[in-house]
A.B. asks: 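Have a look at this one before I ask anything.
Order of the sequence lines fixes the chain letters, A, B, ..., with proteins taken first and strands second; residue numbering starts at 1 for each chain. For the numbers below, each heavy atom of this structure counts, side chains included, while hydrogens, waters and symmetry mates do not. The shown structure was predicted, so the numbers you read here are calculated from the model rather than taken from an experiment.
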Amino acid sequence: DAGITQSPRHKVTETGTPVTLRCHQTENHRYMYWYRQDPGHGLRLIHYSYGVKDTDKGEVSDGYSVSRSKTEDFLLTLESATSSQTSVYFCAISKTSGASTGELFFGEGSRLTVL
Amino acid sequence: QKEVEQNSGPLSVPEGAIASLNCTYSDRGSQSFFWYRQYSGKSPELIMFIYSNGDKEDGRFTAQLNKASQYVSLLIRDSQPSDSATYLCAVWGGSQGNLIFGKGTKLSVKP
């Protein structure tokens, strides 16, 4: 158990509404990530964080913002959801003390449907 | 554009056989290589990683890396029906946010 909790686990929303997904970790690891997984595309990095208030963009960051005000929480926000953002969203952490090398531990995922 | 390529499968093997999963990558500067297993409807879990050329064994799993050919593979010996899952290859290019996943190979182990 990597001590990662995602909420909500399932959400259905309408186009144009804001949505926030939360990732909570219990072990105070420095690196946290948000991925989306879609058929035919695999896992793609949206944003990541390397500390409180330290975040950076990933491959598919357009339409998403993140915040990390506490070590344990990493929030992903869709300011105005679109149907193309229907996906399964995974939060991940790296447990390495130095630079993350790719050894990630994933949360259970949040399935978002935008109608 | 850095790419990680996997055969999507499905790869079907009989129980007890060796399953061979392959992955190629485009970035010659890649430094670390990972195999994740993902059961249907579940999150990915790390099963193997390899940093150096050659083989790395962990129980029934062997990861093989050939940097010259930009090729990494995962062998599963004595395959079990419980090994049926999608296997994701991931390649790290040496900087934050630079972990690229392949689309995965679906493995089916038939009893």
A.B. asks: Run B:Tyr25 and B:Lys67 through side chain to side chain contact (heavy atoms under 4.5 Å, CB included) and show every step you take.
C.D. replies: CA-CA 9 Å; B:Tyr25 58 94; B:Lys67 288 188 176 181; 3.8 Å; yes

A.B. asks: Look at atom NZ of A:Lys57 and say whether more than 12 heavy atoms of other residues, nucleotides or ligands are closer to it than 6.0 Å.
C.D. replies: no

A.B. asks: Using heavy atoms and a sub-4.5 Å threshold, report which of residues 59-86 of chain A line up against chain B, by residue number.
C.D. replies: A:Glu59

A.B. asks: Could you check B:Ser82, B:Pro14, B:Ser84 and say which one makes a side-chain contact (heavy atoms from CB on, under 4.5 Å) with B:Val109?
C.D. replies: B:Ser84

A.B. asks: Does any N or O in the side chain of B:Gln80 come within less than 3.5 Å of the main-chain N or O of B:Asp78, such that one atom is a donor and the other an acceptor?
C.D. replies: yes

A.B. asks: Say whether, by atom type as modelled, one donor and one acceptor occur between the side chain of A:Gln6 and the main chain of A:Tyr89 under 3.5 angstrom.
C.D. replies: yes

A.B. asks: Relative to chain A, which segment of B:Leu88 carries a heavy atom at a distance below 4.5 Å: side chain, backbone, both, or neither?
C.D. replies: side chain

A.B. asks: Checking B:Gln70 against B:Arg28: is there a side-chain donor and acceptor pair closer than 3.5 Å?
C.D. replies: yes

A.B. asks: Would you please go through residues 108-115 of chain A and name the residues with a non-hydrogen atom below 4.5 Å from one of chain B, in numerical order?
C.D. replies: A:Glu108

A.B. asks: Would you confirm whether A:Ser94, through its side chain, and A:Tyr31, through its main-chain N or O, come within 3.5 Å as a donor-acceptor pair?
C.D. replies: no

A.B. asks: Strictly by salt bridge (charged side-chain N to carboxylate O under 4.0 Å, His left out), give each pair with a member in residues 9-26 of chain B just once, sequence neighbours left out.
C.D. replies: none

A.B. asks: For the side chain of B:Ser8 and the backbone of B:Thr105, is there at least one donor-acceptor N/O pair under 3.5 Å apart?
C.D. replies: no

A.B. asks: Given B:Thr62, which partner from the list B:Met48, B:Lys56, B:Arg77 fulfils the side-chain contact (heavy atoms from CB on, under 4.5 Å) test?
C.D. replies: B:Arg77

A.B. asks: Given that the side chain runs from C-beta out, which part of B:Gln38 has a heavy atom under 4.5 Å from chain A: side chain, backbone, both or neither?
C.D. replies: side chain

A.B. asks: We want to know whether B:Gln64 and B:Ser73 form a side-chain donor-acceptor pair, criterion being a heavy-atom distance below 3.5 angstrom.
C.D. replies: yes

A.B. asks: Go through it in stages, so that I can follow the logic: the residues are B:Asp27 and B:Lys2, the test is salt bridge (charged side-chain N to carboxylate O under 4.0 Å, His left out), and I'd like the CA-CA distance, side-chain angles, deciding distance and then a yes or no.
C.D. replies: CA-CA 6 Å; B:Asp27 182 8; B:Lys2 298 173 183 176; 3.6 Å; yes

A.B. asks: Please find out if less than 6.0 Å separates the ring center of B:Phe101 from that of A:Tyr35.
C.D. replies: yes

A.B. asks: Does any heavy atom of chain A fall under 4.5 Å from the side chain of B:Phe33, the backbone, both, or neither of them?
C.D. replies: neither

A.B. asks: Tell me whether the NZ or CZ atom of A:Lys95 lies within the 45° cone about the ring axis of A:Phe105 and under 6.0 Å from its centre.
C.D. replies: yes

A.B. asks: Residue by residue, which of residues 38-55 of chain A have a heavy atom closer than 4.5 Å to a heavy atom belonging to chain B?
C.D. replies: A:Gly40, A:His41, A:Gly42, A:Leu43, A:Leu45, A:Tyr48

